[in-house]
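Labels below follow one simple rule: chain letters A, B, ... track the order of the sequence lines, proteins then strands, and each chain is numbered from 1.
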Amino acid sequence: MEYNFKEIEERQRQNLQKNNIYKVTEDKNKPKFYVLDMFPYPSGAGLHVGHPLGYIASDIYARYKRLKGYNVLHPMGFDAFGLPAEQYAVQTGQHPAVTTEINIKRYKEQLSKIGFSYDWSREIRTSDPKYYKWTQYVFLKMFHHWFNNKTQKAEPVETLIKEFEKNGNTKVDAACGDIPRFEAAVWNGMDEAEKDDVLMNYRLAYRSKTKVNWCPALGTVLANDEVKDGLSERGGHPVVQKDMMQWQLRVTAYAKRLLDGLDTLEWSDSLKEMQRNWIGRSEGAEMYFDIKDKDEKMLVFTTRPDTVFGATFMVLAPESELVDKITTAEKSEEVDEYVERAKNRTERERMADAENITGVFTGAYAINPFNGKEIPVWVADYVLAGYGTGAIMAVPAHDSRDYAFAKHFGIEIIPVVEGGNIEEASYDAKSGKMINSDFLNGLEVKDAVEKMINEIESRGLGKRKVNYRLRDAIFSRQRYWGEPFPIYYKDGRAIPLSEDELPLTLPDIDDYKPTESGEPPLGRAKNWLYKGKYKYELSTMPGFAGSSAYYLRYMDPHNDKALVSKEANEYWQDVDLYIGGTEHAVGHLIYSRFWNKFLFDLGYTVKAEPFKKLVNQGMIQGRSNFVYRIKNSNTYVSYNLRKKYDVTEIHVDVNIVHNDILDIEAFKKWRPENADAEFILEEDGKYRCGYAVEKMSKSKFNVVNPDDIIEQYGADTLRLYEMFLGPLEQSKPWDTNGIEGVFRFLNKFWRLFFDNEGNINLSDEEPTKEEQKIIHTLIKKVGEDIERFSFNTTVAAYMVCANDLAKIKCNKKEVLENFLIVLSPFAPHITEELWQLTGHKDSVINAKFPEFKEEYLKEDSIKYPVAFNGKTRFTVDLPADIKKEEIEKAVLEDERTKSRLEGKEIRKIIIVPGRMINIVI
RNA sequence: GCCCGGAUGGCGGAAUUGGUAGACGCGCAGGACUUAAAAUCCUGUGCCCGGUAACGGGCGUGCCGGUUCGAUGCCGGCUCCGGGUACCA
């Protein structure tokens, strides 16, 4: 019987669906295991062969865990809100809900063919009101909570109000905006609107002014990377920095917990490092500098207070309010001009160009509080308003950027730590002895920092400070296709809906562009008013809103009373394995950790961290092929002959090229202008193409669709081949040509079960020692490799096993059934089919992963490599259990050793029992 | 600029903790079966030199150096490629 993958896969797809085999419940008799994929945005282009890589890996792991006796939650859903659907709507007028629905349908079709073990009954879509009700719900909860620094927890705003009534904010230590101290009497004397304004400074979801890239022509806000040289990327319209009232989430409140939590996670070190850098904790001090002849002070944050005697200039960010206040009359024109220019550059632009050193002297001087020295104050755009205090003391001798600035403008450089050479470069290292620093002289940097901070505090100049680079998340988007805010406005005050009024559903509109007056698209919604009277918030939530708590919803996706029930959450707890791409390393993975910590504070989740283990799959790159057309002709010259001509390199569809040999007939049909193309072939009569590894994209004609692969080889082959390509976490090019290898393997595996007449033919005889050794080697290897996500070597192990068993014509039922079970996570269809053909009624999914028995792998003898001076020359077979001395004796008696030693003296013999022998001569 | 990865045959890759470099697969070459082809099976295949051959020798994991009896894996210094990014004081 032939391996008819089409029939088999179709039959088993239906069989498994029909029997609801992938459905999971909270089965308390089994340990739980939660395997999650980063859910996809359903784009109009459909899946290409790179998308399922992570899904296949997680599916293999999920199936493996099931075989190991776990109750595995392995759901899938869609991150269905997003910009592409909206842009398509702007162009075509089609409702994003309609196109999104079509795209999801296509995604599901494609996914279902690959044979994933998803429990589709748990599917979620972020754009479904039944789902986003809970996104809005969490937003409201954040609105109604503040963060108490003392308890390091979110607490209800009511408790804060009670405290205000009693003591004002004098005793409150909260994560909050810049708000002055007030007494209870002041609070109690405020009207509702004033109280609202105060509370906004404390809420975890709050409204405040932020700078945005505003494009008047497009009537919308742009992301940093949509702005190039002050112009919008789309259309090239001018972009200005504008203050806008925006909703924000007070992520910074959780900075410490987000940082500390990383230590508990099984994530890659590089990913944790990225998160640490993003959170950016730095220890130092905040200190005030008086301004000469002005009644102003300048507050700076520095991690190197020890270097204050080397501060030779100060820098203010162009946005700093202090700039206007201290700039002298004669400098004001120059400064204004500089500030104006800097303001209209995006933050990213300012940082991208590090070569251009710019800045202007304000004419003002700060006074060094430790030696009374006057220090010139500059304005420069390498200092950012959003970080620290927006002002620095510059120590060019010990900071490379300050150094470059000082060199450029000819500012004095005073070394205060021994070890560098200021003629050549700054000395940034945090070690060495202090010099030129009065009372710090002679101290090590570390000690000097401590002493200086104590000094700053005791002299009342400032205080010790831990600074975070993390910023609050801007939560408003001037878009249509997102979650509406459950907020309406009454007399200019933002009023939340009550929870029982959720969800606030997205209204239909007839055009998806911003309004003429520059309002977001929701401004077009007719009669969209709270109780027919009050205007709703017109912006919508960003992409990360819906993806921040989705993992919780899968635990209990149809619950209309809660985001997740206590029972379900207590059973499933957290995600044991999360697989996805590195592009979400800091965005999604910071925000979802933040949401989870907030929900944890409220008692809605039992785990402080949502994703215990995380694996980043690498990117699958495209492998493009090229043909070479001789210029001004319709003649194509083969790769190895191209240098003899003046040619143009042209991308050719990889689907009509096999092992870099062009299918000339297919090429002629590919495009009309190719019909009468001529070819200069190589000696073997073939047209050879060039190749390159690049991003997989339509324009490069290197996109490979999984549907086509499945059509030609089947889903099991696709799954195996995706894994066989290389290490999961590494980026690698897709090249369909190698796929024959795994396809042949599956054919070989299939044939093991049949005799020459095509009948199932398995023997109940006891397996031989050799057979047991072959299969137990595999059982051991598969278990170990899957546990360490080394799926490419697992596939190689399957191949070795099939080759070995075929060689000895093994048809023992026990052996082949074990093979079948350990292969099933990778190739679910073929194994399910054979499982049934061998007489089983239940699915192989519910089988037990065979236990590996060490006794079958025991070797009587070991093949020792014998090396001379580290170079292996030959091998000797020696009994496995002999001692070092016996090994040495045996090796020295070997003829081959003797012939090598002729006339030479042995200086040393290294013997590692069980491993190797090295003779040094 | 900074941070994080990576570089091994013609190609994808293996070598799990410093112990036989190149598993497995593709491709290629040769052979068996066949009227022929497909499929399947068998053999060979890192590079160079010598030999009809068995075999022998040298080189070899991006480059330069180091540690070690022994380095693809460790240390120092580079080059190139990929990804991320925020001039973060």
Over all strands shown, is [X] touching base, sugar-phosphate only, or nothing at heavy-atom distances under 4.0 angstrom?
{"X": "A:Arg281", "value": "nothing"}
{"X": "A:Arg788", "value": "base"}
{"X": "A:Ile910", "value": "base"}
{"X": "A:Lys781", "value": "base"}
{"X": "A:Ser282", "value": "sugar-phosphate"}

Would you say the side chains of [X] and [Y] form a donor-acceptor pair under 3.5 Å?
{"X": "A:Thr252", "Y": "A:Asp472", "answer": "yes"}
{"X": "A:Asn702", "Y": "A:Asn625", "answer": "no"}
{"X": "A:Thr793", "Y": "A:Asp785", "answer": "yes"}

Calculate the interatomic distance between [X] atom [atom1] and [N] atom [atom2]; express it in whole Å.
{"X": "A:Tyr713", "N": "B:G25", "atom1": "OH", "atom2": "P", "result": "17 Å"}
{"X": "A:Trp734", "N": "B:G25", "atom1": "CH2", "atom2": "P", "result": "18 Å"}
{"X": "A:Asn737", "N": "B:C28", "atom1": "CG", "atom2": "P", "result": "10 Å"}
{"X": "A:Met619", "N": "B:G6", "atom1": "CE", "atom2": "P", "result": "16 Å"}
{"X": "A:Tyr864", "N": "B:C69", "atom1": "OH", "atom2": "P", "result": "21 Å"}
{"X": "A:Glu729", "N": "B:A14", "atom1": "CD", "atom2": "C1'", "result": "17 Å"}
{"X": "A:Arg915", "N": "B:A15", "atom1": "CZ", "atom2": "P", "result": "13 Å"}
{"X": "A:Phe724", "N": "B:C11", "atom1": "CZ", "atom2": "P", "result": "16 Å"}

[N], OP1 or OP2 - any side-chain N/O from [X] closer than 4.0 Å?
{"X": "A:Thr872", "N": "B:A21", "value": "yes"}
{"X": "A:Asn792", "N": "B:A14", "value": "yes"}
{"X": "A:Arg688", "N": "B:G27", "value": "no"}

Item to complete: Taking syn as within 90° of 0 and anti otherwise, name the glycosidic form of B:G6.
Response: anti
Worksheet item: How would you label the glycosidic angle of B:G83: syn (within 90° of 0) or anti?
Response: anti
Flag the pair [X] / [Y] as yes when at least one side-chain heavy-atom distance between them is below 4.5 Å, and no otherwise.
{"X": "A:Met723", "Y": "A:Asn792", "answer": "no"}
{"X": "A:Thr307", "Y": "A:Met393", "answer": "yes"}
{"X": "A:Phe791", "Y": "A:Ile56", "answer": "no"}
{"X": "A:Leu265", "Y": "A:Leu614", "answer": "no"}

Of the listed nucleotides [options], the one nearest the side chain of [X]:
{"X": "A:Arg873", "options": "B:C24, B:G58, B:U20", "value": "B:G58"}
{"X": "A:Leu725", "options": "B:A89, B:G12, B:G19", "value": "B:G12"}
{"X": "A:Ser270", "options": "B:C88, B:G5, B:G12", "value": "B:G5"}
{"X": "A:Met274", "options": "B:G12, B:G84, B:A89", "value": "B:G84"}
{"X": "A:Glu784", "options": "B:U16, B:G12, B:A89", "value": "B:U16"}
{"X": "A:Asp785", "options": "B:U16, B:U20, B:C24", "value": "B:U16"}
{"X": "A:Asn918", "options": "B:A14, B:C69, B:C24", "value": "B:C69"}
{"X": "A:Lys863", "options": "B:G25, B:U20, B:U85", "value": "B:U20"}
{"X": "A:Lys732", "options": "B:C4, B:G12, B:G19", "value": "B:G12"}

Looking only at atom [atom1], what distance separates [N] and [M], rounded to whole Å?
{"N": "B:C75", "M": "B:U17", "atom1": "P", "value": "14 Å"}
{"N": "B:A21", "M": "B:A7", "atom1": "C1'", "value": "16 Å"}
{"N": "B:G60", "M": "B:G9", "atom1": "P", "value": "14 Å"}
{"N": "B:A15", "M": "B:U20", "atom1": "C1'", "value": "11 Å"}
{"N": "B:A23", "M": "B:U79", "atom1": "P", "value": "34 Å"}
{"N": "B:A14", "M": "B:C26", "atom1": "C1'", "value": "15 Å"}
{"N": "B:G56", "M": "B:U61", "atom1": "C1'", "value": "25 Å"}
{"N": "B:G82", "M": "B:C47", "atom1": "P", "value": "29 Å"}

Parallel, tilted or perpendicular for [X] and [Y], by the 30°/60° rule?
{"X": "A:His588", "Y": "A:His584", "value": "perpendicular"}
{"X": "A:Phe745", "Y": "A:Tyr798", "value": "parallel"}
{"X": "A:Phe743", "Y": "A:Phe5", "value": "perpendicular"}

Item to complete: Report yes or no: is there a donor-acceptor pair, N or O only, under 3.5 Å between the side chain of A:Lys871 and the base of B:U20?
Response: no
Item to complete: Kindly say whether the aromatic ring centers of A:Trp278 and A:Tyr468 come within a distance under 6.0 Å.
Response: no
Worksheet item: So which one's nearest nucleotide on RNA chain B is more toward 5', A:Arg304 or A:Trp278?
Response: A:Trp278
Fill in: Given RNA chain B, 5'-ward residue of the pair A:Asn803 and A:Met916, judged by closest heavy atom
A:Met916
Worksheet entry | Name of the residue among A:Thr872, A:Thr875, A:Ile919 meeting side-chain contact (heavy atoms from CB on, under 4.5 Å) with A:Val866 | A:Ile919
Are there more than 12 heavy atoms of other residues, nucleotides or ligands under 6.0 Å from atom [atom1] of [X]?
{"X": "A:Glu787", "atom1": "CD", "value": "yes"}
{"X": "A:Arg915", "atom1": "CZ", "value": "no"}
{"X": "A:Lys272", "atom1": "NZ", "value": "yes"}

Worksheet item: List RNA chain B stems (3 or more consecutive Watson-Crick/G-U pairs, under 3.5 Å)?
Response: B:1-7 with B:79-85, B:10-12 with B:24-26, B:27-32 with B:40-45, B:46-50 with B:55-59, B:62-66 with B:74-78
Using nucleotides 39-41 of chain B, report all nitrogen or oxygen pairs with the protein that are shorter than 3.5 Å.
| from | atom 1 | to | atom 2 | distance (Å) |
| --- | --- | --- | --- | --- |
| B:U40 | O3' | A:Arg751 | NH2 | 3.3 |
| B:C41 | OP1 | A:Arg751 | NH2 | 3.3 |

Using a cutoff of under 3.5 Å, can you pull out all pairs of nitrogen or oxygen atoms linking the protein to nucleotides 72-79 of chain B, with atom names and distances?
none

